[in-house]
There are 2 protein chains.
Amino acid sequence: MATHGKRTRIEDIRRVELIAAAHRVFLEHGLQGMTSARICREAGMSPGILAYYFKGKDEVLFGMVRYNNRLLMEDVIARLAAARTGWARLEAIVEGNFPASAFTRPIANAWLSVCAEAGANPQYARLQRLFYRRLRSNLASVFEGMSDATRLRQASLIIAALIDGLWLRKAAADDVGRDEAIALVFSGIRSLLREGEEQHLRHVTR
Amino acid sequence: MATHGKRTRIEDIRRVELIAAAHRVFLEHGLQGMTSARICREAGMSPGILAYYFKGKDEVLFGMVRYNNRLLMEDVIARLAAARTGWARLEAIVEGNFPASAFTRPIANAWLSVCAEAGANPQYARLQRLFYRRLRSNLASVFEGMSDATRLRQASLIIAALIDGLWLRKAAADDVGRDEAIALVFSGIRSLLREGEEQHLRHVTR
DNA sequence: TAGATTTTTGTACGCTCATACAAGATTCTG
DNA sequence: CAGAATCTTGTATGAGCGTACAAAAATCTA
């Protein structure tokens, strides 16, 4: 009992440490530069440690992506819970997709390398789909009851594509700042919405 | 003189054959799967041939990207030359960015892998910037004289981001077809433009 | 056709990286 | 404290890749 508790504790600690280290390496060097040796060095451990706590590198990798997504989603979830009007919820979603500390060229690049890898690796594709579905359903919850189904699909697709595209531009040219990116998305949203719909979002809904 | 002509011919033929083969491999396997051996096999040649006609793999790679960009741009340039109204030129640009035969999940993925690599490799970043600058200036030539500078920058950024984002969505989830993608971009454009501006684009300009 | 030049082939070297593993260090147990 | 279990280290192995190169084949020249 006692030994079991301790053993599990240390194992979990190491796993988290290694995944956090992997995350830092990933943000700095991208998926390509995230080698086993670098992860261990970043964690201050020996190169062979990964094989002890993980079945293989893929396990570290998936853990890292989940870790990353959790960090991002926690922020959005907290903001969504605090939001009172539809517009505030929209702000939470959009701003949550451009974290102040994360809308950076190297990070945009790192994220891009995951998207690229998702084409070859079905497991990645699944993680991506999950993340994207959450965004879509968040947007849908803001717009629901406002428009017909096809318009809603269009609007949420456009907004999602806009967000992704701005990240891509960040990675490629770094020609847009965080505040400008958010402003651009809202500019797009305002253009998409009719006058009455925009007013509707300003009412307190919950 | 005569020998020089012949020698140059064969060298150019092989280089083009190899670059075309590299392009096919790239579209199918992405940047990651584009190995020297595969390129040579695709071209029906021996593995060592690359070293004879190219200084290294990078040279093949940059040649392949240029080859790809040329293919895409030829289409846009031809459509632009034939366009008479501003709206037609806009259609040429937008539809040219979604080639019917190329708006495919594997191709979107391949393109994405180049964007991801551009983060680490400055040479790639240069090629990407060139390609993107062309899109922006094409868009600017359509909108010029219509709006003030900041609105123009906003609009062209949003449209460019929308196009990129839709390609990214294609790669990630394949949840949007070519026609729908084009329709979405135009839906975004129409939302962005005021009524008078949209009418302005329907006049014959040249 | 003989020799010279160009083109192509096949292979071998060196590098990077993930993974496996034996040996050492640490912590727990009785 | 001795012995066992757990944890950590450092290194070795092998696969995949780009590249260099010697030898073979093909083509050209006189």
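Side chains included, hydrogens not; waters and symmetry mates left out as well; all remaining heavy atoms used. Numbered from 1 within each chain, the chains take letters A, B, ... in sequence-line order.
Under the 6.0 Å cut-off for aromatic ring centres, B:Phe186 and B:Trp87 qualify, their centroids lying closer than that.
Take the nearest nucleotide of DNA chain C for B:Pro47 and for B:Arg14: the residue whose nucleotide is more 5' is B:Arg14. Comparing A:Ser36 and A:Ile49 by the nucleotide of DNA chain C whose heavy atom lies nearest to each, the residue mapping closer to the 5' end is A:Ser36.
Computed from coordinates, the B:Gln32 CD to D:dG18 C1' distance equals 13 Å when rounded to whole Å. The nearest whole Å value for the distance from the CZ atom in B:Arg41 to the P atom in D:dG16 is 12 Å. As a whole-Å value, the separation of A:Met45 CE from C:dG24 P is 23 Å.
When distances run from any side-chain atom of A:Ser46 to the nucleotides C:dT9, C:dT19, D:dG10, the shortest one goes to D:dG10. Side-chain proximity of A:Lys57 to C:dT19, C:dT7, D:dT9: nearest is C:dT19.
Contact annotation: B:Tyr52 side-chain N/O to C:dT7 OP1/OP2 distance is under 4.0 Å.
A:Phe54 comes within 4.0 angstrom of nothing in the nucleic acid, heavy atoms only.
Between A:Arg136 and A:Ser156, the side chains place a donor N or O and an acceptor N or O closer than 3.5 Å (distance only, hydrogens not considered).
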Which pairs of donor and acceptor atoms, one on a side chain in residues 20-33 of chain A, lie under 3.5 Å apart (sequence neighbours left out)?
unit_1: A:His23; atom_1: NE2; unit_2: A:Asn68; atom_2: OD1; d: 2.9
unit_1: A:Arg24; atom_1: NE; unit_2: A:Glu42; atom_2: OE2; d: 2.6
unit_1: A:Arg24; atom_1: NH2; unit_2: A:Glu42; atom_2: OE2; d: 3.3

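The existence of a salt bridge linking B:Glu59 and B:Arg15 is confirmed by a sub-4.0 Å separation between a basic side-chain nitrogen and an acidic carboxylate oxygen.
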